[in-house]
Each structure stands twice: as C-alpha cells, then as structure tokens.
Amino acid sequence: MPARKCPPPASRSAGCACALAPPPSRAMLSLPPGLRRRLREGPSSPPAPPASRAPLPSPAPPFAFAPRRLRLGPHHPLLEDGDVHRHLYLQGVLSSLAEVAEKPKVSEFSCHISGCCQAFDTLEGYEHHYNTLHRNVCSFCKRSFPSGHLLDIHILEWHDSLFQIMAEKQNMYKCLVEGCAEKFKSSKDRKDHLVTVHLYPADFRFDRPKKVKSGPKHVSSPKKQGGSMPMDVSMETSEQFQVDPMEIGPSENMEIPQPAASPGPSVPEERLYKSRIPSTICFGQGATRGFKGPRKKV
Amino acid sequence: MVTSSITALRKARRQEQLVSKRLLREDTTAEEGGQDGAEIVPDPLSEDEVKSMMFSMVMGVLKVLELLRGVQRGSEDRKRSLSCLRWALRNKETQQKFVRLEGSIRTLIGLFTSSLADMQMEAARCLHELSHSSDPAVAEACLPVTSYLLTYLSGHSVEFTELCLYTLGNLVVESEAVRKQLLPQGVIPVLASCIQSPHEAVLEGLGYVLSQLLQAKEAPTEIIPLVLDSVLPQHMLRLVCSGLKAGIGAAVEFAWSLHYIICSHTANTALLSLGALPALTSLLLDLASEIPEDAPEGLELLICPVLRCLSNLLAEETGCEVQIQDERLLIALFLILQCFLQQHPFIIQECLWLLNNLTADEHFFCSALLSLDLLPALLQLLPCSQMASVLVLTILCNIAEKGPAYCQQLHQQPALPLLLPTLALPDPKVVGQCLELLHLLFLHWPEAAADFVRQGGHQALEQHQSIPELQERAQALLDIIGQPLGASAFSPCHAMLSAFS
Ligand SMILES: [Zn+2]
Ligand SMILES: [Zn+2]
Ligand SMILES: [Zn+2]
C-alpha cells in the first residue's frame with residue numbers, strides 16, 4: 001500500500017478532533033477475557049433470553065422512557081466529531097515524495113509502436129503515453145481517441161461502408177454520452193442534443209462537424225504523414241485533414257489570449273491580442289499517426 | 001491542529017459549511033513547508049504576470065511544434081512553463097486572476113485534450129489546483145471542463161485518471177452548478193463503468209467523487225435515485241466489504257458513500273435487498289477480529305461509516321434485525337471501543353448508537369450483553385462525555401425495560417453505585433435519563449430501591465427537586481423509595497398520582 005493511502009501521520013497524531021476533547025477518565029477499557037477468541041470461533045448458539053415476555057406496563061408520566069432505535073440524519077450532532085475526523089483525513093492527504101521516488105527508474109527506453117520513438121524513463125510515463133496515443137486508435141485512419149466509446153462511434157460513422165446508407169433510412173448517429181441510447185439523423189442533430197440535453201460545451205472537441213461533405217471512402221489511410229510525429233501536435237499537410245470526422249479537428253484554431261511580449265505595468269491591460277495559432281497546429285486528438293494502432297496490427 | 005481550529009471546523013459543520021477537498025500533489029510537505037506541515041503558498045502574481053505565464057505556456061507549446069520533426073523525447077522547456085503555472089496556481093489570488101483571464105480555461109482544455117502526454121498531465125494538474133480553490137467562482141469557471149474530465153476517465157494512466165477524479169470530486173462539492181451539469185453529462189454511467197477498474201487508486205478516487213456527490217443537499221432527490229438505478233450500489237458494497245483484503249483506501253471512500261445514501265433514508269429498502277445488513281455485519285466482525293493490538297492506523301476511518309450504516313439500517317422498520325442475531329456483534333463493538341477509546345474517542349458515541357439500536361427492541365442482544373459479562377465495560381463508558389453518558393444510560397434503560405430478570409442482573413452487577421455519582425452531574429439530560437433508569441429498576445426490581453436508599457440515594461434525588469425539568473421525576477422516585485419495602489406500590493398509577501400530589 002503506497003504511503004498516501006494511509007492518513008498522514010501529522011493529521012493522525014495531532015489532527016484528531018476528539019484528541020482535544022477534555023478527557024475525563026478514559027483509561028483502558030477492561031473487557032472480560034477470551035472475547036477475541038469467541039469472535040473468531042464463529043456464532044455460538046445464543047443463551048435463551050430470560051423469559052419475561054409478558055407485556056410490561058408502559059411508563060407513566062412523569063416518566064417517559066420508551067426504547068427507540070435512533071435514525072440519524074446527516075447533520076445530527078452525534079456525527080459531528082466523526083465528520084470532522086473525516087474532513088481532516090481528506091484535507092491531509094498528500095502524495096508523498098517517498099511515493100514519487102518509489103517509482104522505479106528504468107533505463108531509458110523507447111515506445112515500441114512503430115513510427116513512434118518517444119523515450120521514457122519511467123513505466124508510468126510510458127503507460128500514460130501509450131494510453132494517450134496508442135490505446136484507442138482507429139486502425140483505418142490512425143486517429144487517437146480518449147475513450148473506446150468515442151473510437152467505436154468514429155469507426156462506425158467513418159469506416160463502416162453501410163453507415164451512410166443506413167443513415168439515410170434511420171437515425172444512426174449515436175449520442176456521445178455513455179449510457180445515453182439516443183440516436184440522430186445527423187451529427188448536427190446530435191450536437192444540438194449534446195448541448196441542450198447533456199449540457200456539453202457547444203465547442204466540444206470530440207464532436208466537430210464535418211467541414212466538407214465527404215463519404216467515408218475519401219478518408220483513406222494517410223500514407224505519408226505521422227511517421228515522424230510522435231506527438232499529436234500535427235502539421236496539417238494535406239487537404240485530407242479538412243475532411244474531418246465527427247470530432248478531432250486538426251484544423252481547429254485555438255484562440256489563445258496572448259499578452260504583450262514584455263508584460264509590464266505599462267502594458268495596456270485589457271488589451272489582449274488574440275493570437276491565432278496557425279491552423280496547422282492542433283491541440284486536439286486530431287493527429288494522424290503513421291504507426292499502427294493496437295487494434296489492428298499490420 | 002490547534003483546538004481553536006477544531007472548534008471552527010465543528011462550527012462550520014453545524015452550519016453545513018464544512019467543505020472537504022482532497023489535494024493530490026507530487027511533492028511533499030517537507031519540500032514545500034515547514035516541519036509542522038504548514039503549506040507554503042506562493043505569492044500572488046500580478047495580472048500581468050499571470051498573462052505572461054499564459055504566454056510563455058503557449059510559447060512553450062509552439063516551441064515544441066518547431067521542434068516537431070526532430071525531437072522525440074520530452075522537452076523540459078515546454079513542461080517547465082506549465083509547471084510554473086501549476087505552482088503559481090496554488091495561490092488563491094492567482095487562481096482568481098487566472099480564471100478571469102479571457103481564454104485561460106479554454107487554453108487549459110486545449111492542452112488537456114492534446115496528445116502531448118506530459119502537457120496533458122500538467123494541464124490536468126493545473127485544473128486540479130484550480131479545483132482546490134475555496135472560491136466558488138473558480139469552481140464555476142471550471143464548468144467547461146467537466147465534460148472533458150468525464151470523457152478522459154475511461155482510459156489513460158492511473159495517475160491521470162486519478163487526477164481527473166479528484167478534480168471532479170473537488171469541483172462537485174464546491175458548486176451546485178457543477179453538479180447540475182455533471183448529471184446530464186452522464187457522470188453516473190461513467191462512474192458505473194469506471195468502478196470495474198482493477199486499480200485501487202482509481203477506485204479510491206472514484207469513491208471520493210461518489211462520496212462528494214452523495215452528500216450534496218439535493219442528493220436525496222436528484223442523485224441517489226440515479227445511483228440506485230445503476231450498478232453502483234452492489235459494487236460499492238462489494239468494495240467496502242473487501243476493504244481488508246483489497247485496498248482500505250477505496251473501502252473508506254465507498255463506506256462513506258454508503259453512509260451518505262443510507263442516512264438520506266430514501267434508499268434503504270434497496271440496500272437491504274442487496275444484503276447490506278449481513279454484509280456490513282460480517283465486515284465489522286472481521287474488522288474487530290483483525291484489529292492489531294497496538295495502533296490500528298486509519299482503521300477508524302472505515303469503521304466509523306460502517307457503524308453508521310448498520311445503525312441507520314437497523315432503524316428501518318423492516319424486521320431486519322432478525323437476520324443479525326449474532327452475539328459476536330457485541331463482542332466486536334466492545335473490542336473496537338477498547339481499541340479506539342483513547343486515540344479516537346468519537347468512536348464511542350458511534351458504537352453506543354449502534355448498541356442502542358441493537359438493544360432497543362431485542363431481548364436477544366440485551367440478554368447477550370449480560371451473559372457475555374459486558375455490562376462492567378459499558379458502565380466504564382458512563383463518564384466519557386455527556387453524549388456517552390446519555391447513550392449508556394439509554395442502553396441500560398433498554399435492558400431494564402425488558403423486565404424483572406434483566407433488572408435483577410443490573411442490580412447484581414452492580415450498576416447502582418455508578419448511578420449515584422451520575423445523579424450529581426450538572427447536566428439535566430444525563431440526570432433525566434438516569435432518573436428514567438432508576439424508575440425502571442425500582443419498578444421491576446424493588447430490591448434495587450431499597451439498596452439505593454441504603455447507599456444514600458435519597459439525598460441524591462432531593463437535590464433535583466428544584467430543577468424544573470427534573471423535579472417531577474425526582475419527586476416521583478422519592479415517593480417510591482419512601483414507601484416501605486414490599487408494599488407493592490410501584491404501579492405506574494401510583495407514581496403518577498404521587499407526582500401530581
Ligand atoms: Zn508511442
Ligand atoms: Zn478512423
Ligand atoms: Zn444523449
């Protein structure tokens with residue numbers, strides 16, 4: 001168990017709310033011997049309770065006691081100190097340096113996916129790289145997706161030859177939200193649905209509208225680009241990128257507010273220069289890579 | 001932690017303003033703070049500095065692009081600008097300035113969704129720092145991020161998924177707007193598929209998100225029904241119960257999540273039908289039998305919500321108690337009490353609450369408590385705190401109320417010598433409950449009354465004759481013990497008459 005999983009010692013010794021409650025007489029609780037053994041032995045046949053089952057008179061005023069199982073809501077005072085203890089536990093959690101240092105450094109190695117030569121010195125770094133770039137990759141067009149769900153939808157919509165035909169007859173565009181069974185006539189309808197029903201941002205990066213009407217056949221496997229592009233910061237080298245599937249638009253422009261080059265008190269403040277990163281740059285998942293994804297080894 | 005801040009936390013909790021967040025950071029307290037663990041917060045940046053930081057971050061990305069064709073390994077440069085930003089974002093003012101800066105969140109989203117693996121990780125860390133802000137405006141600035149956080153939960157590295165989860169969990173507890181948006185975005189189905197992850201760290205983060213969602217004020221109507229409709233409850237129960245074998249961190253989170261569901265009292269039939277009661281009972285038995293004799297680090301964090309779940313489930317009117325007629329439950333409770341009494345006294349009231357619910361209607365548990373010889377231990381808890389006193393007395397009342405045979409045993413144990421000092425306590429609630437207990441004892445076992453008089457109980461009662469909320473009952477008891485022993489004058493009817501005479 002990594003160090004972080006345990007509450008930090010600091011909050012343990014000093015942080016407990018109740019450690020500060022005035023301790024009246026809290027000596028060790030003395031228990032009859034052999035309890036642990038009985039606990040491990042398993043259930044024993046219980047002794048018969050004393051037989052006095054006759055209904056007993058209920059208390060008369062001024063006495064009012066009646067046995068009652070207590071059902072406590074989340075804000076009951078009895079739960080106060082336990083809640084504070086939980087709070088301190090959550091607040092105190094730190095990833096310790098020890099844990100980070102524990103990550104075994106391995107001698108530098110490169111990603112084994114052909115065409116990708118990124119180097120790593122930790123397995124974690126490699127795991128993240130692999131999952132980011134190679135895990136959900138379309139084997140037809142080499143695009144990478146953040147989830148298997150989005151990849152499945154992409155493959156269906158862009159590489160299934162029946163899709164277009166079917167789409168003319170029935171709603172075929174599946175909602176991108178996992179767990180939602182809705183289907184739509186067009187990606188535009190889907191987008192409206194995503195925005196109105198699921199409160200997705202209107203510019204959700206994985207639901208880019210088509211820019212050029214084009215059948216899936218046109219999206220042929222790219223041949224040249226990518227081999228030397230380890231990261232998906234890709235250059236747009238061909239028209240083909242303009243024909244983008246439902247999402248991942250490499251041609252997307254990312255607006256980045258950019259302060260004046262030498263920020264200082266003299267800079268006119270509210271004046272942000274909208275610099276457009278050249279359209280050739282993509283921050284999204286739109287890279288087309290020259291290596292083969294894990295889904296289809298070639 | 002000084003007493004005053006504990007008091008402040010208690011007060012915040014009473015006002016329902018106790019917001020807990022978890023922060024994942026790679027570096028240690030030692031590195032960034034003093035020995036007392038105090039965190040060093042970077043100085044706030046000026047508006048221009050924030051802008052310039054954004055700028056250099058973007059430039060870092062552009063630089064990578066220049067190098068695109070050649071460089072294969074991670075450039076330290078580009079990462080550095082983002083880690084500077086992450087460091088700066090530990091400062092609350094800088095957080096506020098950053099989110100006000102036009103396009104800042106969009107830029108982070110751009111990096112977050114990029115496949116520049118280490119940039120993506122740094123962007124996630126920046127978002128995580130923002131999620132830790134105590135300013136609700138910062139959380140709401142992060143609204144555009146939530147759909148991406150959900151989208152990226154299903155893959156990527158454990159570390160990245162963990163970051164996304166804790167970021168979500170922090171945002172969720174800070175802002176109702178975030179919750180209102182996450183539900184239609186499908187957070188519950190995403191969590192339901194994520195809960196099958198084999199990674200303990202992911203499960204723990206997931207449990208954290210759930211626990212944060214489930215304690216929202218609108219949870220009983222908006223969130224819990226969705227959770228119940230998913231596969232989550234059965235997995236939560238499974239993960240809590242495998243806490244000792246698998247990861248305790250995840251078990252802690254799911255146990256708190258179950259507690260928040262159960263104490264809403266909207267879902268207990270569903271949970272009972274999943275077998276929550278026998279499952280949690282057997283977990284408690286395992287926990288108690290495996291407590292190490294010395295200091296069981298952190299185990300109370302799991303035990304506490306498990307106790308709460310059991311207590312509240314038992315309070316349901318379903319006759320479920322029949323399923324758990326197992327005296328080992330009492331043994332477990334007392335072993336837990338023994339173990340945590342000194343270090344975590346809050347566990348006392350949590351255990352006593354369960355003990356009350358077990359003994360309230362069940363002859364079985366009252367009888368087992370006596371036959372296991374646990375009464376002396378119960379009496380030792382009497383002076384622990386006001387709350388403990390009232391609960392112990394209530395449990396004793398539960399037992400006494402079961403009739404003469406039980407009262408006889410209480411009398412023999414002997415309980416009376418401990419009740420006398422209790423009568424001298426200044427707390428009317430404690431004394432009131434003590435008077436109730438004496439009444440039951442005298443009613444069912446008159447010898448106890450005689451003994452009480454011999455031990456000087458008369459005076460102990462007389463001092464309460466002037467306290468409005470106690471005087472009637474004190475007088476009634478004085479009337480009872482004033483009767484010659486054996487004159488069967490203990491009928492409720494007589495008590496009532498004497499009280500009003
Ligand atoms: Zn690779
Ligand atoms: Zn494809
Ligand atoms: Zn939908």
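Here the structure is a predicted model, which is why all the values come from computation and not from measurement. In what follows, chains carry the letters A, B, and so on, assigned in the order in which the sequence lines appear, proteins first and then strands, with residues in each chain numbered from 1.
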Given the rule in the side chain to side chain contact (heavy atoms under 4.5 Å, CB included) test, do A/Glu80 and B/Phe346 qualify, once you have shown the distances and angles that lead to the verdict? CA-CA 9 Å; A/Glu80 183 172 284; B/Phe346 74 86; over 6 Å; no
Using the side chain to side chain contact (heavy atoms under 4.5 Å, CB included) rule, take B/Leu341 and A/Met28 through it: C-alpha gap first, then chi angles, then the decisive distance, then the call. CA-CA 7 Å; B/Leu341 190 64; A/Met28 283 298 288; over 6 Å; no
Derivation of the side chain to side chain contact (heavy atoms under 4.5 Å, CB included) call for A/Leu88 and B/Ile6: CA-CA 9 Å; A/Leu88 292 170; B/Ile6 293 290; 3.9 Å; yes
Applying side chain to side chain contact (heavy atoms under 4.5 Å, CB included) to B/Thr151 and A/Leu176, what does each step give before you reach the verdict? CA-CA 9 Å; B/Thr151 303; A/Leu176 302 184; over 6 Å; no
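Looking at B/Leu150, neither its backbone nor its side chain comes within 4.5 Å of chain A, counting heavy atoms on both sides. Residue A/Val197 touches chain B through its backbone alone, counting heavy-atom pairs closer than 4.5 Å. For A/His76, the part lying near chain B is the backbone, with the side chain staying farther off; criterion is any non-hydrogen pair under 4.5 Å. Of the atoms belonging to B/Gln215, not a single heavy atom falls under 4.5 Å from chain A. Residue contact with chain B, scored on non-hydrogen atoms closer than 4.5 Å, involves the backbone of A/Arg68 exclusively.
With A/Arg69 contributing its side chain and B/Leu314 its backbone, the two residues share a donor-acceptor pair below 3.5 Å. With A/Gln91 contributing its side chain and B/Arg22 its backbone, the two residues share no donor-acceptor pair below 3.5 Å. Of the possible donor and acceptor atoms, one in the side chain of B/Glu436 sits under 3.5 Å from a partner among the backbone N and O of A/Ala64. Side chain of B/Asn357 to main chain of A/Leu70: a donor-acceptor pair is present (N/O by atom type, distance under 3.5 Å, no hydrogens or angles).
Put simply, CD1 on B/Ile331 and CZ on A/Arg40 are 11.0 Å apart, with the number rounded to the nearest 0.5 Å. Between the SG atom of B/Cys304 and the CG atom of A/Leu79 there is a distance of 7.5 Å, given to the nearest 0.5 Å. Atom CD of B/Gln380 and atom CG of A/Leu31 lie 7.5 Å apart (nearest 0.5 Å).
In plain terms, the two heavy atoms of B/Arg13 and A/Pro74 that are nearest each other are NH2-O, 3.0 Å. Between A/His87 and B/Val19, the closest heavy-atom pair is CE1-O, 3.3 Å. When all heavy atoms of A/Leu78 and B/Glu350 are compared, the closest pair comes out as O-OE2, 4.0 Å.
With sequence neighbours excluded, the residues forming a side chain to side chain donor-acceptor pair (under 3.5 Å) with B/Thr359 are B/Asn398, listed by chain and number.
Between chain B and the options A/Pro32, A/Gly73, A/Gly179, the largest number of non-hydrogen pairs under 4.5 Å is found for A/Pro32. Chosen from B/Cys263, B/Ser193, B/Ser230, B/Pro189, the residue pairing most often with chain A at heavy-atom distances under 4.5 Å is B/Cys263. In terms of non-hydrogen atom pairs under 4.5 Å with chain B, the most contact-rich of A/Glu127, A/Arg86, A/Glu178 is A/Arg86. Taking chain A as the reference chain and counting heavy-atom pairs below 4.5 Å, the highest number among B/Arg14, B/His265, B/Lys21 is found for B/His265.
Taking the charged nitrogens against the carboxylate oxygens, B/Arg10 and A/Asp81 do have a contact shorter than 4.0 Å, which makes a salt bridge.
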